[in-house]
Amino acid sequence: WGDPNDVTDDFVAIIDLSSNKVSSSIPTDFGPEKLVLSNTSIYVAHQGAYGQNNVISVIDTSSDEVTTTIPVAYVPNSMQLDSEGYLWVLSGGKPAYTQDETAGGLTKIYTANNSVDISLDFETDEHPGYLGLDGSKLYYILNGELYSMATSAATLPLESEIQDLSFYTMVIKDGKMYGTDAKDFASNGSMAIYELSTKKELGVFEMGIIPGGVYFN
């Protein structure tokens, strides 16, 4: 973010893995967060730092420059790349405390030419997060409930699949959902695992304080 109060100094850093040092940086729009690699393009979601942004930057790894930006709904918080070459971007929308609340959105981008294929809007007071992908199904959390939709769908689902969730972060992998709970942010958190096909909880495991991510090697 650079200085989070300055929208002109944000960047993506390039790190030389042989020396573990920053070799250079790429200036971007403000509030860069999540990154997804597709062939020679890096897609950067700009949530907006201390503000709210609504673009995806596209970086060409051969030139290390931003080649274009793609407008999406405000506060893009997660992205998934499917097997057909489409980038799915889930945006939470501007929260109510901004006094300029906007709806979340789900945007489908064709990475071959960076055109928007589908743009789906939630209700103004709906702010989804944690987009996951398993095969040809997308998953996300909204109001403590898990929703799913096929990547071939053109409308948002109306009914949730799992309810009463309290996740700090969530990851989908190999037919299972892994969700962490930070609880009171001062004591140990936990991680719950669900089988997506049966919608059953497989177990809950104690974690350290504020479990902020789930990763697989």
Side-chain angles (χ1 to χ4, degrees), residues 1-15 25-61 63-95 98 100-122 126-134 138-142 147 149 151 156 167-173 179-180 212-215:
W1 293 355
D3 179 347
N5 296 303
D6 183 349
V7 299
T8 67
D9 67 346
D10 299 49
F11 63 90
V12 169
I14 302 174
I15 298 174
S25 61
I26 305 168
T28 69
D29 210 324
F30 72 97
E33 289 279 349
K34 303 292 185 181
L35 289 83
V36 168
L37 175 65
S38 175
N39 297 317
T40 60
S41 295
I42 294 175
Y43 293 83
V44 185
H46 294 266
Q47 291 195 55
Y50 283 178
Q52 294 83 40
N53 205 344
N54 68 327
V55 299
I56 304 297
S57 289
V58 184
I59 295 174
D60 183 345
T61 58
S63 63
D64 292 336
E65 295 179 345
V66 174
T67 57
T68 190
T69 57
I70 306 168
V72 294
Y74 274 96
V75 195
N77 56 48
S78 44
M79 299 183 289
Q80 293 291 335
L81 186 67
D82 70 22
S83 61
E84 301 297 321
Y86 289 96
L87 180 72
W88 294 83
V89 180
L90 185 66
S91 301
K94 292 183 181 181
T98 65
D100 183 27
E101 188 174 14
T102 62
L106 182 62
T107 306
K108 181 182 181 183
I109 299 168
Y110 187 40
T111 57
N113 57 16
N114 293 325
S115 62
V116 173
D117 187 76
I118 293 175
S119 184
L120 305 174
D121 294 326
F122 291 80
E126 293 183 332
H127 306 289
Y130 311 118
L131 183 66
L133 175 67
D134 190 53
L138 295 161
Y139 295 87
Y140 60 85
I141 300 291
L142 175 63
Y147 289 79
M149 62 176 280
T151 54
L156 295 169
F167 287 162
Y168 183 64
T169 189
M170 184 273 285
V171 172
I172 301 291
K173 184 175 176 61
T180 70
V214 180
Y215 303 91

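Here the structure is a predicted model, which is why all the values come from computation and not from measurement.
- Of all the heavy atoms in Asn77 and Tyr130, the pair that sits closest is OD1-N, 4.0 Å.
- Atom-to-atom distance recorded for Ile26:CD1 and Ser63:OG is 8.0 Å, nearest 0.5 angstrom.
- One N or O on the side chain of Asp9 and one on the backbone of Asp3 form a donor-acceptor pair closer than 3.5 Å.
- The closest donor-acceptor contact from the side chain of Glu126 to the backbone of Leu142 lies at 3.5 Å or more, if one exists at all.
- The nearest pair of heavy atoms linking Pro4 to Ala49 is O-CB, 4.2 Å.
- Partner of Asp29 under the side chain to side chain donor-acceptor pair (under 3.5 Å) criterion, out of Asn54, Thr69, Asn53, Thr8: Asn53 alone.
- Using a distance-only test at 3.5 Å, with no hydrogens or angles considered, no donor-acceptor pair links the side chain of His127 to the main chain of Gly104.
- Between Phe122 and Tyr140, the distance separating the two ring centers is shorter than 6.0 angstrom.
- Summarising the geometry, atom CE belonging to Met79 is positioned 10.0 Å from atom CD belonging to Glu33; distances are rounded to the nearest 0.5 Å.
- Using a 4.5 Å cut-off on side-chain heavy atoms (C-beta onward), Glu84 and Thr151 make no contact.
- Residue Leu37 holds its CG atom at 7.0 Å from OG1 of Thr61, rounded to the nearest 0.5 Å.
- Counting all heavy atoms, side chain and backbone alike, Ser91 lies closest to Val72 at OG-CG2, 3.9 Å.
- A donor-acceptor distance shorter than 3.5 angstrom exists from the side chain of Thr67 to the backbone of Val58, with no hydrogens or angles considered.
- Atoms CD1 and OH, from Ile141 and Tyr147 in turn, are 10.0 Å apart once rounded to the nearest 0.5 Å.
- Ser115 and Asn113 share a donor-acceptor pair across their side chains, judged by distance under 3.5 Å alone.
- Partner of Ile59 under the side-chain contact (heavy atoms from CB on, under 4.5 Å) criterion, out of Ile14, Val66, Thr68, Thr40: Val66 alone.
- Although no hydrogens or angles enter the test, the distance criterion places a donor-acceptor pair under 3.5 Å between the side chain of Thr111 and the main chain of Gly85.
- Aromatic ring orientation, Tyr110 versus Tyr86: tilted (interplanar angle from 30° to 60°).
- Residues Ala73 and Ala103 approach most closely at CB-O, 4.3 Å, considering heavy atoms.
- The two residues His46 and Pro76 come nearest to each other via the heavy atoms O-CD, 3.3 Å.
- When atom types are taken as modelled, the side chain of Asp10 and the backbone of Gly31 share a donor-acceptor pair closer than 3.5 angstrom.
- Nearest approach of Tyr50 to Asn5, heavy atoms of both residues: CD1-OD1, 3.6 Å.
- The backbone N or O of Lys94 sits less than 3.5 Å from a side-chain atom of Thr102, completing a donor-acceptor pair.
- In this structure, CD1 on Ile56 lies 10.5 Å from CG on Asn114, to the nearest 0.5 angstrom.
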